[in-house]
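Here's the structure, in structure tokens; my notes come after.
None of the values given here were measured: they were computed from a predicted structure.
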Amino acid sequence: RYDSSLARLLRRTVVLAAAVAVLTLARALGGPRVALAAGAGLFLVAGLILVVLPRSAHRAFGRGAFGRAALFYDVLAWLRFDREARAALGVSLAACLLGRERHRDGLARLERIDAAALGESARAAWHNNRAYALARSKFPHASRSRAYASSERLGLIPQGRWQHGAQRGR
């Protein structure tokens, strides 16, 4: 646990130092107005990475737009540095595959995730998605409605805000 805390602190320090360096360089090269513009740009980029992209991904997943959600999750996985967030994004990407009924691909993606890096809620989603993928990949010829009905009774649906009934317009 100490190593991950130290690594997290080091990453945050490096990002903060880079931001300060950009602002200092902007002030030295262009004056206070350029530094203000650079600061505003850094603020907007941070907001995009920490707020806008995650909410857009969750909203797309909730609407059943799994391809779009996967795109947003992929971009976030590329932009995030911390191990826990990247592992949680891997769970979300696997859920997108499961939502698109690519159960074996979703299961393979889940197997590549380091479960030790997951937080408590992401680990619960990992277990839920893994159970769902195993149940669906063993019975690929079962009717979709019957399989979803039994999966919903067991609580085995792709983890997220998306519900089978909501996709059909209920």
Side-chain angles (χ1 to χ4, degrees), residues 1 3-26 34-133 155-169:
R1 187 76 184 146
D3 292 335
S4 66
S5 298
L6 186 60
R8 183 179 299 126
L9 179 64
L10 183 61
R11 277 192 304 272
R12 289 179 179 172
T13 303
V14 167
V15 169
L16 182 62
V20 169
V22 165
L23 293 175
T24 304
L25 186 63
V34 173
L36 182 63
L42 287 173
F43 181 77
L44 289 174
V45 168
L48 179 72
I49 293 170
L50 298 173
V51 178
V52 175
L53 280 175
R55 287 187 180 182
S56 298
H58 296 323
R59 192 176 312 119
F61 188 92
R63 287 193 317 259
F66 301 116
R68 179 177 293 216
L71 175 67
F72 288 137
Y73 288 133
D74 270 332
V75 169
L76 279 167
W78 187 72
L79 294 172
R80 294 296 302 257
F81 297 123
D82 52 330
R83 184 174 160 225
E84 185 176 336
R86 291 175 71 99
L89 288 165
V91 172
S92 297
L93 284 163
C96 290
L97 289 169
L98 296 174
R100 289 166 43 196
E101 298 187 19
R102 293 177 50 194
H103 305 107
R104 291 173 197 231
D105 293 336
L107 186 59
R109 177 109 194 175
L110 288 168
E111 295 301 326
R112 290 193 307 262
I113 295 171
D114 180 15
L118 294 170
E120 197 172 301
S121 62
R123 186 170 303 137
W126 182 85
H127 284 292
N128 186 43
N129 288 347
R130 188 171 182 278
Y132 175 82
L156 302 175
I157 57 172
Q159 191 70 20
R161 296 182 189 158
W162 178 77
Q163 297 291 325
H164 178 61
Q167 185 186 24
R168 289 188 298 172

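The nearest pair of heavy atoms linking Gly106 to Leu98 is CA-CD2, 4.1 Å. Shortest non-hydrogen contact noted between Trp78 and Arg86 is O-NH1, 4.2 Å. The two residues Ala57 and Ala69 have their closest heavy-atom pair at O-CB, 3.6 Å. Taking all atoms of both residues into account, the shortest heavy-atom contact from Gly99 to Phe66 is O-CE1, 3.3 Å.
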Would Arg130 and Leu107 count as a side-chain contact (heavy atoms from CB on, under 4.5 Å) here? Give the steps. CA-CA 6 Å; Arg130 188 171 182 278; Leu107 186 59; 3.9 Å; yes
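The CZ atom of Arg109 sits 4.5 Å away from atom CG of Leu93, with the distance rounded to the nearest 0.5 Å. Considering CG of Asn129 and SG of Cys96, their distance stands at 10.0 Å, rounded to 0.5 Å.
Using a cut-off of 4.0 Å between Lys/Arg side-chain N and Asp/Glu carboxylate O, Asp105 and Arg100 are scored as not salt-bridged.
A donor-acceptor pair is defined here as one N or O able to donate and one able to accept, closer than 3.5 Å; such a pair exists between the side chain of Trp126 and the backbone of Leu110.
Screening Val15, Leu9, Leu16 against Thr13 for a side-chain contact (heavy atoms from CB on, under 4.5 Å) leaves a single residue, Leu9.
More than 12 heavy atoms of other residues, nucleotides or ligands sit less than 6.0 Å from atom CZ of Arg123.
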Could you give the side-chain donor-acceptor pairs of residues 36-53 under 3.5 Å, partners two or more places apart or in another chain?
none

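Remark: Tyr73 pairs with His58 by the ring-ring contact (aromatic ring centres under 6.0 Å, His included) rule, at least two apart or across chains. For Arg80, the salt bridge (charged side-chain N to carboxylate O under 4.0 Å, His left out) partners at least two apart in sequence or on another chain are Asp82.
Annotation: side chain of Leu118 is not in contact with side chain of Glu84 (no heavy-atom distance under 4.5 Å).
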